[in-house]
Enquirer: 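Handing you this structure, nothing more for now.
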Amino acid sequence: LKQKAEPIELLIASFEKEGSVVHGYRIPGKTFTAEEWKAMTEQDQLQILMEYRLAYCGYGEVNWCEALGTVLANDEVVNGVSERGGHPVIKKKLRQWYLRITEYADRLLGGLNQIDFSESMKEMQTNWIGKSIGAEIDFSLKGHNEKLRVYTTRPDTIFGVDFMVVAPELTLIEQITTPEQSVAVQEYIAYVKSRSERERMAEKKITGVFTGAYALNPFSGREIPVWISEYVLAGYGTGAIMAVPCGDERDFKFAKQFNISITNIIGGAFDGEAANPTRDAVLQESGFLNGLSMREAMDLVVKKLEETGSGNRKVNYKMRDAAFSRQRYWGEPFPIVWESGTAYALSDTQLPVNLPYVDSYGPGPEGEGPLANIQGWEAALQGSGNLLPLETNTMPGYAGSSWYFLRYMDPHNEQEFCSKTVSDYWGQVDLYVGGTEHAVGHLLYSRMWTKALYDLGFIGFEEPFKKLLNQGMIQGSSRFVYRITGTQTFVSKGLLNKEDEYEGKQTDKLHVDVQIVDGYELDLEAFRKWRNGEYVEAVFICENGTSLKAGEAVSGAVYLCGSEVEKMSKSKFNTVNPDDLVHKYGADTFRMYEMFLGPVELSKPWDTKGIEGVHRFLKKLWRLFYDETKGAIWTNEEPTEQELRILHKAIKKIDEDTERFSFNTAVSSFMICVNELSDMNSRKKKILEQLLVLLTPYAPHISEELWHALGNQESILDATFPLFEAKFLAETSKNYPVAVNGKTRSELTLAFDISSEEAEKLALADPAVQKWLEGKPPKKVIFVRNKMINIVV
RNA sequence: GCCCAGAUGGCGGAAUUGGUAGACGCGUCAGACUCAAAAUCUGGUAUUGGCAACAAUGUGCAGGUUCGAUUCCUGUUCUGGGCACCA
């Protein structure tokens with residue numbers, strides 16, 4: 001198959017001509033002939049087409065809070081209850097839209113080679129896509145007709161399987177559980193359901209239960225117990241694994257925990273103390289594989305499985321399709337109407353579908369979005385007078401963020417999202433500045449979206465961003481209050497144990513607005529009024545143990561908040577507003593200070609200590625031009641050599657720093673330069689002009705003002721461009737010393753027990769050094785520390 | 001639990017390819033100017049010992065490679081970002 005998006009009309013035409021065969025391949029899914037296709041009802045046809053659409057409809061689980069009557073994001077669920085109100089949250093199946101990003105998995109991997117992203121970013125995306133090659137194997141179940149299908153990356157270890165583990169969500173469990181194990185299994189499944197995904201993820205202790213059923217090894221016929229455990233996920237592979245404790249760390253721990261005996265198939269490579277995940281051992285106790293290396297066995301096992309029909313080679317991706325609908329008001333509405341459970345797309349002429357005005361943004365019934373409450377949220381399909389209900393879900397944030405850069409190229413186009421001529425002209429985004437928090441969200445969606453538009457011929461490039469610069473996040477200091485789960489009682493931080501428990505009771509850790517916390521002390525009255533009085537009835541157990549109800553106050557009873565440094569975000573209530581600083585120091589100072597804070601790619605808490613220094617620098621710069629009493633003081637004299645040297649040193653340094661995005665060191669260089677010029681009382685116009693050109697990107701307002709003061713008519717931005725051109729034209733000759741230790745080099749390093757001149761004489765006299773120099777005099781001799789010498793040719 | 005980063009003086013950070021650790025800024029101490037303050041300027045400021053010259057120690061922790069490690073390797077702790085326990 002072509003591995004690219006095509007218009008759905010092509011698929012329909014293909015079905016009409018050849019049935020369920022496309023481009024000569026029998027497509028996965030339902031099989032039918034062209035005649036059968038034509039005989040189907042439109043609804044049946046649409047249902048089949050849905051299996052192949054890039055955006056399709058399916059069912060998925062959401063966090064449903066009955067008390068709030070709404071769907072919650074993972075963020076809004078704490079300890080299995082809603083952050084607001086502390087109501088129980090359960091998993092609920094809802095109809096959802098998805099984007100078939102998994103079909104792009106291979107191309108998203110391949111594309112990483114063409115773009116300039118950091119290695120860690122590429123690694124994160126690669127791991128997220130998670131391509132693995134293995135096999136699916138069917139295990140017969142003793143006394144049942146059903147088979148247990150597992151996915152494994154290590155079919156070569158099949159003779160080392162000591163137990164099977166099935167995800168608790170699998171329906172097969174009901175059928176295979178023996179009566180004796182039934183109670184234990186039901187209890188375990190109930191336990192898993194009560195746990196949030198986050199809890200299941202962070203859990204260290206191993207849990208599981210035996211179903212009473214046995215699977216049969218397809219080669220040896222050995223009986224293998226079938227277990228259930230939450231560490232196996234229903235959504236990945238087949239939701240069941242074959243466990244090989246001698247080769248897999250987690251399987252090993254599971255076997256130890258439940259006293260399952262371990263078969264050793266790798267002889268001395270397994271010491272009984274820890275699993276050894278090697279791929280290089282020679283197999284033992286492995287039937288027809290005995291004596292083979294694991295790599296050889298891999299192919300042989302798969303071949304044998306395929307011959308006997310009990311398995312096949314299989315490529316798996318851990319990435320799943322992207323959920324594309326939200327039960328919210330704010331989001332792009334879908335141009336979709338529903339009739340008898342079938343989705344129909346509106347025609348182009350009916351676009352755009354605009355959000356309706358509403359009086360209330362409250363959630364709709366049964367987990368539907370607010371649009372479900374709107375009378376008349378409906379549209380007629382073209383050529384029909386019948387009004388049909390419009391889709392009530394809206395699109396998520398990434399529906400817009402995935403392609404906004406294209407719209408920015410052609411923002412006034414009423415006919416297309418962006419004309420091909422325009423996107424051909426501008427091309428890819430040259431440099432994209434964004435944080436690592438988007439590694440596996442936005443940056444992956446946007447790449448997929450761009451590939452789809454490219455496939456359909458709307459744009460001429462496949463990757464949205466040529467180069468990515470990961471800037472660090474400015475972090476905020478958050479404050480937390482601790483609510484005893486299921487109550488409105490809040491416990492002061494100091495009274496909690498390490499697990500944030502109070503007298504054995506679990507607490508929910510909730511963000512509180514930093515504005516109503518003084519240091520760590522919560523303003524109780526402000527907290528009661530916060531969020532429209534949601535916490536009016538709150539009871540506080542203060543640091544000294546005093547319990548305070550509404551209206552009560554006891555001197556000395558304070559409530560202390562917990563704190564954490566984390567990314568600055570409205571939802572964490574830890575943001576700071578820069579307006580005051582801009583007002584006090586000006587935008588140039590603020591801008592330069594942010595650059596001076598540290599490396600762009602590093603995250604750090606926001607802290608205004610030191611902004612004074614940058615402000616002083618700009619004032620000092622100003623004083624190079626103006627004197628309080630004398631006014632303008634620059635001169636038209638020719639600069640001296642020393643002055644030029646100071647300027648050019650700064651130009652070189654700032655140029656290099658800017659080139660490698662090291663803005664903080666560039667700012668340092670400005671400071672050094674201005675200090676030196678001040679020290680020597682240098683106020684030559686020719687020097688100052690060049691300094692301003694250099695400074696423009698860092699302090700544009702001041703630069704522009706002083707630039708005009710010097711008598712220049714045009715904007716300093718126009719004057720800055722020739723410099724950039726010159727920079728690109730300049731050939732930099734790299735004459736750096738190279739490391740020692742046998743690498744190719746133009747430099748030799750020797751160690752001595754003596755120092756300086758004496759060492760130089762000895763070194764140059766040494767026959768080995770002379771041979772190395774080939775009779776030529778050394779270009780440079782550098783003393784490094786006092787016992788080392790570098791000779792450069 | 002998994003993936004990806006980061007850790008250097010009192011503080012933010014610098015050291016561009018393995019070669020004088022601490023540039024630049026903040027803070028602080030001392031001084032100049034001032035009736036005084038602000039602003040500005042000058043000098044000191046990693047730690048320990050010493051009046052000093054100087055010596056020893058020092059880049060989260062424990063090892064390793066190297067004549068030489070903030071830099072490379074192995075393990076580990078803590079902090080941050082992401083998460084879907086990925087077999």
Enquirer: Nearest heavy-atom pair of I266(A) and C246(A): which atoms, and what distance?
Expert: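 Of all heavy-atom pairs spanning I266(A) and C246(A), the closest is CD1-O, 4.0 Å.
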Enquirer: Can you see if the side chain of K318(A) gets near the phosphate of C3(B) - specifically, an N or O under 4.0 Å from OP1 or OP2?
Expert: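 No.
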Enquirer: Write down the distance between NZ (K122(A)) and C1' (A5(B)), rounded to a whole number of angstrom.
Expert: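 Those two atoms, NZ and C1', are 17 Å apart.
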Enquirer: Give one of base, sugar-phosphate or nothing for D679(A), where a contact means two heavy atoms less than 4.0 Å apart.
Expert: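 If one applies the 4.0 Å heavy-atom cut-off, D679(A) turns out to touch the sugar-phosphate alone, with no base involved.
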Enquirer: Expressed in angstrom and rounded to an integer, what is the separation of E169(A) atom CD from C86(B) atom C1'?
Expert: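 Distance, rounded to whole Å: 14 Å.
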Enquirer: Taking K619(A) first and then E612(A), would you say they form a salt bridge - that is, a charged N and a carboxylate O separated by under 4.0 Å?
Expert: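 A salt bridge is absent here (no side-chain N lies under 4.0 Å from a carboxylate O).
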Enquirer: Could you tell me the separation between the CG atom of N74(A) and the P atom of G82(B), rounded to a whole number of Å?
Expert: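 My rounded result for the distance is 13 Å.
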Enquirer: Go through RNA chain B and write down every stem, that is, every run of at least three consecutive Watson-Crick or G-U wobble pairs with distances under 3.5 Å, as range with range.
Expert: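 Looking at RNA chain B, the stems formed by three or more consecutive pairs are B:1-7 with B:77-83, B:10-12 with B:24-26, B:27-32 with B:40-45, B:46-49 with B:54-57, B:60-64 with B:72-76.
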Enquirer: In whole angstroms, how far is the C1' atom of G81(B) from the NZ atom of K572(A)?
Expert: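 That distance rounds to 10 Å.
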Enquirer: Between U47(B) and G10(B), how far apart are the two P atoms, rounded to whole Å?
Expert: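 Their P atoms lie roughly 7 Å apart.
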Enquirer: Ignoring the backbone of N675(A), work out which of G25(B), U16(B), A87(B) is nearest its side chain.
Expert: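 The answer is G25(B).
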Enquirer: Does N127(A) place a side-chain N or O at less than 4.0 Å from the phosphate oxygens OP1/OP2 of C86(B)?
Expert: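 It does not, given that no N or O in the side chain of N127(A) lies less than 4.0 Å from OP1 or OP2 of C86(B).
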Enquirer: Give a yes or no on whether a salt bridge exists between K467(A) and D116(A), defined as a side-chain N under 4.0 angstrom from a carboxylate O.
Expert: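 Salt bridge: yes.
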Enquirer: Test of understanding: with side-chain contact (heavy atoms from CB on, under 4.5 Å), list the residues that count as partners of T665(A), not counting sequence neighbours.
Expert: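 Result, side-chain contact (heavy atoms from CB on, under 4.5 Å) vs T665(A): K653(A), D657(A), R660(A), S662(A).
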Enquirer: I want to check one thing: is the phosphate of C86(B), taken as OP1 and OP2, less than 4.0 Å away from some side-chain N or O of R320(A)?
Expert: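 No, R320(A) has no side-chain N/O under 4.0 Å of OP1/OP2 on C86(B).
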Enquirer: What residues form a salt bridge (Lys or Arg N to Asp or Glu O under 4.0 Å) with D251(A), not counting sequence neighbours?
Expert: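 D251(A) satisfies salt bridge (Lys or Arg N to Asp or Glu O under 4.0 Å) with no other residue.
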Enquirer: Are Y191(A) and Y188(A), when compared by the centres of their aromatic rings, separated by less than 6.0 Å?
Expert: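 That pair passes the under 6.0 Å test.
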Enquirer: For residues 620-627 of chain A, which residues have at least one heavy atom under 4.0 Å from RNA chain B?
Expert: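 Residues of residues 620-627 of chain A under 4.0 Å from RNA chain B: K620(A), R623(A).
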Enquirer: Counting the atoms with a prime plus P, OP1 and OP2 as sugar-phosphate, which does V165(A) contact under 4.0 Å by heavy atoms, base, sugar-phosphate, or nothing?
Expert: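 If one applies the 4.0 Å heavy-atom cut-off, V165(A) turns out to touch nothing in the nucleic acid.
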Enquirer: Going by salt bridge (Lys or Arg N to Asp or Glu O under 4.0 Å), name the residues that satisfy it together with R279(A), two or more places apart in sequence or in a different chain.
Expert: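 Partners of R279(A) under the salt bridge (Lys or Arg N to Asp or Glu O under 4.0 Å) test: none.
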Enquirer: Is there any protein nitrogen or oxygen under 3.5 Å from a nitrogen or oxygen in nucleotides 11-14 of chain B, and what are the pairs?
Expert:
{"unit_1": "G12(B)", "atom_1": "O2'", "unit_2": "L597(A)", "atom_2": "O", "d": "2.7"}
{"unit_1": "G13(B)", "atom_1": "O3'", "unit_2": "N664(A)", "atom_2": "ND2", "d": "3.2"}
{"unit_1": "A14(B)", "atom_1": "OP1", "unit_2": "N664(A)", "atom_2": "ND2", "d": "3.0"}

Enquirer: Under 4.0 Å between a Lys/Arg side-chain N and an Asp/Glu carboxylate O for R295(A) and D156(A)?
Expert: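 Result for this pair is no, no salt bridge flagged.
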Enquirer: Looking at R250(A), does any N or O in its side chain come under 4.0 Å of the phosphate oxygens OP1/OP2 on C2(B)?
Expert: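 Looking at the OP1 and OP2 atoms of C2(B), neither is under 4.0 Å from any side-chain N or O of R250(A).
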